[in-house]
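Structure, as structure tokens:
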2 protein chains.
Amino acid sequence: MKKKVSIKDIAQTVGVSTALVSYVLNNKEKEARVGKEIAQVIRDTAVEMGYQPNQIAKSLKTGKSHTFGLIVADISNPFFANLARNVEDEAKKFNYTVIFASADENAEKSQNLINILTERQVDGFIIAPAENSQEQIEALLKNNIPLVLIDRYFKGLDTNYVMTNNYEASYHAVSHLIEAGRTNIGMVAYKTDLVHMLDRKRGYLDAIKDNKLLKAKTPLIKTVDFNANQEEIGAGIRELFAQNPGMDALFFATNTLTLKGLKSLNKMQYRVPDDVAIVCFDESEAFDFFYSPLTYIEQPLLEMGKKAVQILIKNITDKKSLNTQISIPSKLIVRQSSAIVKKH
Amino acid sequence: MKKKVSIKDIAQTVGVSTALVSYVLNNKEKEARVGKEIAQVIRDTAVEMGYQPNQIAKSLKTGKSHTFGLIVADISNPFFANLARNVEDEAKKFNYTVIFASADENAEKSQNLINILTERQVDGFIIAPAENSQEQIEALLKNNIPLVLIDRYFKGLDTNYVMTNNYEASYHAVSHLIEAGRTNIGMVAYKTDLVHMLDRKRGYLDAIKDNKLLKAKTPLIKTVDFNANQEEIGAGIRELFAQNPGMDALFFATNTLTLKGLKSLNKMQYRVPDDVAIVCFDESEAFDFFYSPLTYIEQPLLEMGKKAVQILIKNITDKKSLNTQISIPSKLIVRQSSAIVKKH
DNA sequence: CTTGTTTGTTTAAACGTTTAAGCTTAAGTT
DNA sequence: AACTTAAGCTTAAACGTTTAAACAAACAAG
């Protein structure tokens with residue numbers, strides 16, 4: 001039970017050439033005109049000897065590793081963890097293995113991960129690109145490495161991508177707040193030029209503009225750093241309240257922002273939805289447990305994961321295939337945090 | 001920018017043999033007595049040509065893939081997602097790549113994943129073993145494949161493992177409930193013989209016994225299936241209440257059980273901690289948002305992840321090294337859900 | 001100046017596969 | 001009988017590395 005058994009070992013014990021063994025074990029008997037009986041013998045000895053193909057050797061020969069990389073911001077963030085799980089499951093259906101990696105919204109780390117994974121000869125990438133990683137993506141494209149962007153994309157780049165309808169979803173969510181009677185709505189978002197975030201901001205702004213709620217002089221959007229902690233986010237919210245006296249609703253751009261924001265609101269003793277209504281992007285188990293269950297935008301993680309894998313594999317198997325760019329709609333889940341409050 | 005550049009290409013343009021290039025790029029100049037000037041030329045042309053080593057070829061030659069597999073129950077479960085992130089980071093420090101996979105507490109899936117990963121020639125495994133996967137682990141051991149169990153282990157098997165002190169942590173948590181004045185404490189756990197779960201049950205039972213609270217005739221532990229939904233867990237809790245009139249506290253064995261359990265308790269209109277105190281294993285962002293912030297057992301995920309990686313790598317580099325079996329203590333975070341309630 | 005040592009470099013086999021091309025023998029076809 | 005085709009198998013090169021061993025030239029020492 002020490003040494004691994006190779007095709008050569010099988011060939012030797014059966015008394016044939018390695019070629020024959022390879023043909024049989026790859027179900028190429030027909031094309032290679034292998035004898036029926038000997039094929040069976042080969043198959044039997046293979047299982048008898050406990051043969052496990054060496055994928056590394058296979059990959060070296062064929063130039064395909066049947067592996068791809070999934071680069072996200074942080075695998076421990078439930079959003080990406082769920083996405084990853086869906087990607088994993090879909091990949092398995094096509095006999096692909098996926099290697100996850102976390103880039104922490106950091107271009108340098110991202111480049112590092114891309115290097116490591118290309119050295120490992122992955123057949124392609126699914127990437128939630130970090131800010132300033134545009135050249136990295138371009139380089140991959142130039143090198144003809146199949147690639148699907150997910151969650152975000154770059155305006156100028158013609159790539160495959162799978163997104164949700166960030167603009168419309170935000171527009172819809174904010175409109176919902178307005179319909180619920182809110183007139184002074186703030187937004188907390190990340191300080192970034194990544195398109196998904198810009199779209200969410202645009203959706204927010206347009207909804208306000210279209211409903212003539214915009215007070216031009218006050219900045220209604222507070223942006224914070226990707227790695228902002230609860231205090232910084234709390235400070236941002238405080239500023240929003242200071243700049244917009246009477247602010248009666250907040251729209252959070254992501255789950256992390258929401259969670260830290262809610263804790264700050266609790267500390268500041270704001271009540272939801274009485275003092276301030278809340279709507280946010282993404283899901284979290286915690287949203288169900290907040291005293292006023294949150295209204296949130298549910299992203300289609302299952303479909304996004306599946307689609308990304310399918311597109312990637314299409315691109316891997318047919319390198320000439322055109323780019324696919326899809327946007328899958330999110331769903332607004334309305335609950336108590338954005339309820340209409342009786343004025344008294 | 002089409003074809004990848006190989007060591008051969010570099011050798012050709014510099015005008016030396018591939019051996020020299022290999023020596024230089026692997027920093028074996030000293031041992032191989034490569035000329036200083038030519039070494040520099042080789043190094044320069046390598047970066048000029050944008051050389052990226054082919055890890056697949058390297059692996060085939062050296063028999064080491066510098067990769068290991070991490071098999072957990074479900075990567076989308078925050079417990080495993082966090083663990084995975086810590087494993088990822090620690091592995092990167094040693095230049096290892098990790099391949100995550102979810103076995104869904106299912107032995108068949110687990111075997112499947114092990115097969116796929118061994119075919120990919122991973123250098124080792126970190127596994128949170130599923131029930132009935134003992135023979136799989138034994139087989140790996142017999143084949144001399146380095147291996148660290150995490151979160152759970154098997155009583156009869158001499159393997160590396162990294163765990164938390166499930167028994168003591170549970171004992172302590174339940175004792176804490178008793179000290180807080182609770183006298184009729186139920187437990188919700190998974191129906192499994194995996195050691196970590198048995199230990200948590202034992203800790204619970206012993207704490208009760210040592211404090212003379214045990215009513216022998218009533219089964220105070222309700223066990224449910226791994227994939228039990230909220231309704232089933234709710235039904236379990238209902239039964240517990242029926243069998244133990246006056247039950248005034250519940251101990252949940254995992255985060256998932258807790259989340260579903262709390263939702264059921266809400267539905268049944270039990271109030272925490274007035275009607276029933278709660279303590280649970282694992283963390284969840286949601287615990288902070290429950291109206292009565294939960295008292296929970298915080299597992300040392302960072303240390304567990306790090307240790308597991310370190311032990312695995314030690315085992316990979318020195319196959320003769322003895323098994324390391326460590327238990328890292330968890331911490332009870334006491335909050336409102338287990339508070340003392342004034343009787344009236 | 002032989003012989004030995006050092007320094008710098010190349011050769012070539014190997015890792016476990018795949019696969020085009022070649023080889024043999026048997027079976028059809030005229 | 002001579003030739004073609006088919007069936008069944010083997011040969012050998014290749015994928016991109018690593019590395020022990022061989023080689024060659026330069027230098028040192030006796």
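These numbers were taken from a predicted model, which means no experiment stands behind them. To find a chain, count down the sequence lines: A is the first, B the second, and so on, and within it residues start at 1.
- With sequence neighbours left out, T62(A) forms a side chain to side chain contact (heavy atoms under 4.5 Å, CB included) with K64(A).
- Under the ring-ring contact (aromatic ring centres under 6.0 Å, His included) criterion, Y23(A) pairs with no residue, sequence neighbours left out.
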Per-pair distances, 0.1 Å, donor-acceptor, side chain in residues 146-155 of chain B, under 3.5 Å, sequence neighbours excluded:
residue, atom, partner, partner atom, Å
R152(B), NH1, E105(B), OE1, 3.0
R152(B), NH1, P129(B), O, 2.9
R152(B), NH2, E105(B), OE2, 2.7

When you compare the protein's N or O atoms with those of nucleotides 26-29 of chain D, which come within less than 3.5 Å of each other, and at what distance?
none

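- Between the CG atom of N27(A) and the C1' atom of dT19(C) there is a distance of 16 Å, rounded to whole Å.
- Rounded to 10 degrees, the angle separating the terminal axes of the helix from dC1(C)-dG30(D) to dT30(C)-dA1(D) is 70°, with each axis obtained from five end pairs.
- Contact detail for I328(A) and T164(A): the closest heavy-atom pair is O-OG1, 2.7 Å.
- Residues satisfying the ring-ring contact (aromatic ring centres under 6.0 Å, His included) test with H196(A), not counting sequence neighbours, are none.
- Annotation: salt bridge (Lys or Arg N to Asp or Glu O under 4.0 Å) contacts involving residues 24-36 of chain A, sequence neighbours excluded, comprise E29(A)-R43(A).
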Side-chain donor-acceptor distances from residues 77-88 of chain A under 3.5 Å, at least two apart:
residue, atom, partner, partner atom, Å
N77(A), OD1, F79(A), N, 2.8
N77(A), OD1, N255(A), ND2, 3.3
N82(A), ND2, P78(A), O, 2.9
R85(A), NE, D89(A), OD1, 3.2
R85(A), NE, D89(A), OD2, 3.4
R85(A), NH1, D74(B), OD1, 2.8
R85(A), NH1, D104(B), OD1, 3.0
R85(A), NH2, D89(A), OD1, 3.3
R85(A), NH2, D104(B), OD1, 3.4
R85(A), NH2, D104(B), OD2, 2.7
N86(A), ND2, N82(A), O, 3.2
N86(A), ND2, L301(A), O, 3.3
E88(A), OE1, S102(B), OG, 2.9
E88(A), OE2, S102(B), N, 2.6

Sequence-aligned protein contact record of nucleotides 8-18 of chain C, with B where the base is within under 4.0 Å of a protein heavy atom and S where only the sugar-phosphate is: BBBB--BBBBB
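- Contacts of K61(A) classified as side chain to side chain contact (heavy atoms under 4.5 Å, CB included), with partners at least two apart in sequence or in another chain: none.
- Rounded to whole Å, atom P of dT19(C) lies 13 Å from atom CG of L25(A).
- With sequence neighbours excluded, the residues satisfying side chain to side chain contact (heavy atoms under 4.5 Å, CB included) with V41(B) are V14(B), T45(B).
- Among residues two or more places apart in sequence or in another chain, the side chain to side chain contact (heavy atoms under 4.5 Å, CB included) test is passed with S22(A) by I7(A), N26(A).
- Note: CD (Q12(A)) to P (dT10(D)) measures 13 Å, nearest angstrom.
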